[in-house]
Amino acid sequence: MSTRQVFDVAVIGAGAAGMMAAAVAGQRGLSVVLVDHAEQLAEKIRISGGGRCNFTNLGTSPAQFLSRNPHFCRSALAAYTPQDFLGLVRRHRISWHEKHRGQLFCDDSSQNIIDMLRSECDEGRVAWRMPWTIAQVSRLQDVFLLEGPQGRIQAHQLVIATGGMALPQVGATDFALKLARQFALKVVEPRPALVPLTFEPQAWKPFAALSGVSLPVRVSCAGASRTPAFDEDMLLTHRGLSGPAILQISSYWQPGQPLQIDLVAGQKLEQALLKTKQAEGKQLLSAVLSRWLPKRLAECWIVQEEGLTAQMRLAELADPRLRKLAQGIESWNLSPTGTAGYRKAEVMRGGVDTDGLDQRSLQAKSVPGLYFIGEAVDVTGWLGGYNFQWAWASGVACGRAL
Ligand code: FDA
């Protein structure tokens, strides 16, 4: 290996976006080197989707992404669609299935996707430096110089694909954010997203005992009319709330803001309870509520309510009290104190500010030859395959523009 070789392109980060960009650029005839500090290739792809990688979502549109500039992702997503990625998956004879709301998973294992990307890189004659540590990046005229304990790498163009800070235990770092700042690019404040939410331990005590209980809910951020509501399952945990509904809303939640949770997910509980009272007034309140809520949650909820006990019968409640009970269940307002942090988050929200990047190529407007792709950029998808679709699309957009 010659240390004097100047590659056309160096890609730092051999994850979803980095492998895609390297493969596309290599197959266009550019000399590409792919650099990663990890021992294991593409750990996040491997563990994604419960080991089966939810590799895209057929319903992908800019509406499922958060960014300071919600239009930025439009161009890359339109130029490389879920159907394009599916074409690649089919060409590699990977079997897949649709699980839920357009989410596509491997039938077998997420290793299929890693092997596919690796073989696409091989087809582009991509050179590998892995595991390889980069201590410093500098720019000398038209060459980027990457230096570290294992040696130096030189390239005319540099792609940063080191992802976000979620899951530091599998090698996630803030490399992209530091490098952006080094080159005077702005960064949108990063935060854990798609992450469980936590509550003040004393206030959460009554619900902590329900850890493991799961139910379909509708959740939104209280008073935030422009944020979406999510109809998904919610899971109660020892420290707070998790499950798809909470992971989704966590990306929108701002510290100090209350959540609004409809525990019956849009059903009309008030009318239903009043009707049931007329027909079956002798029924225990807890038994009736258990028709709409998991039994343990129904019992716990009644005990929390002023003036109600577990032994009460439906007929003992005046209509206004029954209405108040139903309204509380349909709109549970509660304020998380924080998130479970990057160690439990699926993604990072925020990142390299899209203001400084060209939306077609992902190139830094002020630093010709420098590109940022994937999760490092301030484009964050919902749960359900959208983050991988952004990684593929931004990787392809960059790989074609290099
Ligand atoms: P990615 O994280 O894939 O790759 C970054 C690479 O850069 C890594 O290989 C890392 O080792 C390397 N790197 C980091 N710092 C470096 C440094 N300083 N020097 C050198 N190399 C460095 N999304 C989805 O759409 N469907 C799903 O099913 C899931 N499931 C899922 C499960 C879990 C548990 C997590 C944590 C995340 C998901 N995601 C997901 C999100 C998805 O994994 C994520 O958005 C993409 O992997 C982002 O792709 P990138 O290529 O940007 O980063």
Side-chain angles (χ1 to χ4, degrees), residues 10-22 33-57 60 64-65 82 85 99-100 102-106 110 113-114 117-118 128-137 146 148-150 153 158-179 192-196 244 247 251 340-349 351-352 362 371-396 398:
V11 179
I12 308 180
M19 279 202 278
M20 192 57 132
V33 60
L34 188 44
V35 191
D36 200 296
H37 68 166
E39 299 275 342
Q40 287 284 342
L41 179 59
E43 268 298 272
K44 280 201 190 162
I45 301 182
R46 193 181 62 75
I47 61 176
S48 68
R52 291 222 162 94
C53 187
N54 176 194
F55 55 78
T56 192
N57 191 303
T60 301
Q64 295 98 21
F65 293 87
F85 190 76
K99 206 167 173 181
H100 173 63
Q103 300 170 7
L104 304 191
F105 286 77
C106 296
S110 45
I113 300 292
I114 301 174
L117 292 166
R118 191 165 186 136
W128 290 82
R129 303 285 183 272
M130 189 183 161
W132 191 281
T133 304
I134 296 163
Q136 195 181 322
V137 175
L146 319 181
Q150 290 123 307
I153 297 169
L158 178 60
V159 180
I160 308 301
T162 48
M165 289 193 280
L167 247 54
Q169 61 273 38
V170 304
T173 69
D174 62 354
F175 184 91
L177 308 185
K178 282 192 177 137
L179 201 90
L194 298 182
V195 64
L247 299 189
S251 299
Y342 283 118
R343 292 188 71 79
K344 300 280 180 192
E346 283 207 7
V347 292
M348 172 186 84
R349 196 193 155 169
V352 180
L362 286 297
Y371 299 73
F372 289 86
I373 57 174
E375 202 184 304
V377 178
D378 173 35
V379 173
T380 308
W382 290 1
L383 193 72
Y386 302 103
N387 284 297
F388 277 136
Q389 187 56 37
W390 169 247
W392 317 135
S394 59
V396 169
C398 168

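When a ligand or atom number is given, it counts from 1 through the structure's own listing order. These figures come from a predicted structure and were not determined experimentally.
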F388, Y342, F105, F372: member with heavy atom nearest to atom 24 (C) of ligand 1:
F388
How far apart are the C-alpha atoms of F388 and T60, what are their side-chain angles, what is the distance that settles it, and do they pass the side-chain contact (heavy atoms from CB on, under 4.5 Å) test?
CA-CA 11 Å; F388 277 136; T60 301; over 6 Å; no
Per the side-chain contact (heavy atoms from CB on, under 4.5 Å) rule, which among V352, I160, L362 passes with I373?
L362
If you look at every heavy atom in P82 and T56, which pair is closest and at what distance?
CB-OG1, 3.4 Å
Look only at the side chain of N54 and the backbone of Q103, and say whether a donor-acceptor pair between them is shorter than 3.5 Å.
no
For I134, state whether at least one heavy atom is located under 4.0 Å from any atom of ligand 1.
no
Any nitrogen or oxygen of N54, main chain or side chain, under 3.5 Å from a nitrogen or oxygen of ligand 1?
yes
Heavy-atom nearest neighbour in the protein, as seen from atom 20 (C) of ligand 1, with distance rounded to 0.1 Å:
H37 N, 3.3 Å
Considering only the protein, which heavy-atom contact is closest to atom 51 (O) of ligand 1, and what is its distance?
A17 N, 2.8 Å
What do we get for L167 next to ligand 1 when only non-hydrogen atoms under 4.0 Å count, side chain, backbone, both or neither?
side chain
At under 4.0 Å between heavy atoms, is it the side chain or the backbone of Y386 that contacts ligand 1, or both, or neither?
backbone
Who's the nearest protein heavy-atom neighbour of atom 49 (O) of ligand 1, and how far?
A16 CB, 3.7 Å
Which heavy atom of the protein is the closest neighbour of atom 53 (O) of ligand 1, given with residue, atom name and distance?
G163 CA, 3.4 Å
Do you know the tightest heavy-atom contact between P196 and K344?
CD-O, 3.9 Å
Suppose we measure from atom 39 (N) of ligand 1 to each protein heavy atom; which comes out shortest, and what is that distance?
E346 OE1, 4.0 Å
Could you tell me if any non-hydrogen atom of G385 lies under 4.0 Å from any atom of ligand 1?
yes
Heavy atoms only: which of T380, T173, V377 is nearest to atom 18 (N) of ligand 1?
T173
Please state which protein non-hydrogen atom is closest to atom 12 (C) of ligand 1 and give its distance, to 0.1 Å?
D36 OD2, 3.1 Å
Considering only non-hydrogen protein atoms, determine which one is nearest to atom 4 (O) of ligand 1 and report residue, atom name and distance to 0.1 Å.
G15 CA, 3.3 Å
Any N or O on V170 sitting closer than 3.5 Å to an N or O of ligand 1?
no
Suppose we call two aromatic rings close when their centres sit under 6.0 Å apart. Are Y386 and W390 close by that rule?
no
Give the minimum heavy-atom separation between W128 and A14, together with the two atoms involved.
CZ3-CB, 3.8 Å
Determine yes or no for a side-chain-to-main-chain donor-acceptor pair under 3.5 angstrom, with E39 supplying the side chain and P131 the backbone.
no
Note the single closest protein heavy atom to atom 45 (O) of ligand 1, along with its residue, its atom name and the distance in Å.
E375 OE1, 2.7 Å
Quick one: does A161 get within less than 4.0 Å of ligand 1, heavy atoms only?
yes
With a 4.5 Å cut-off on side-chain heavy atoms, are M130 and L34 touching?
no
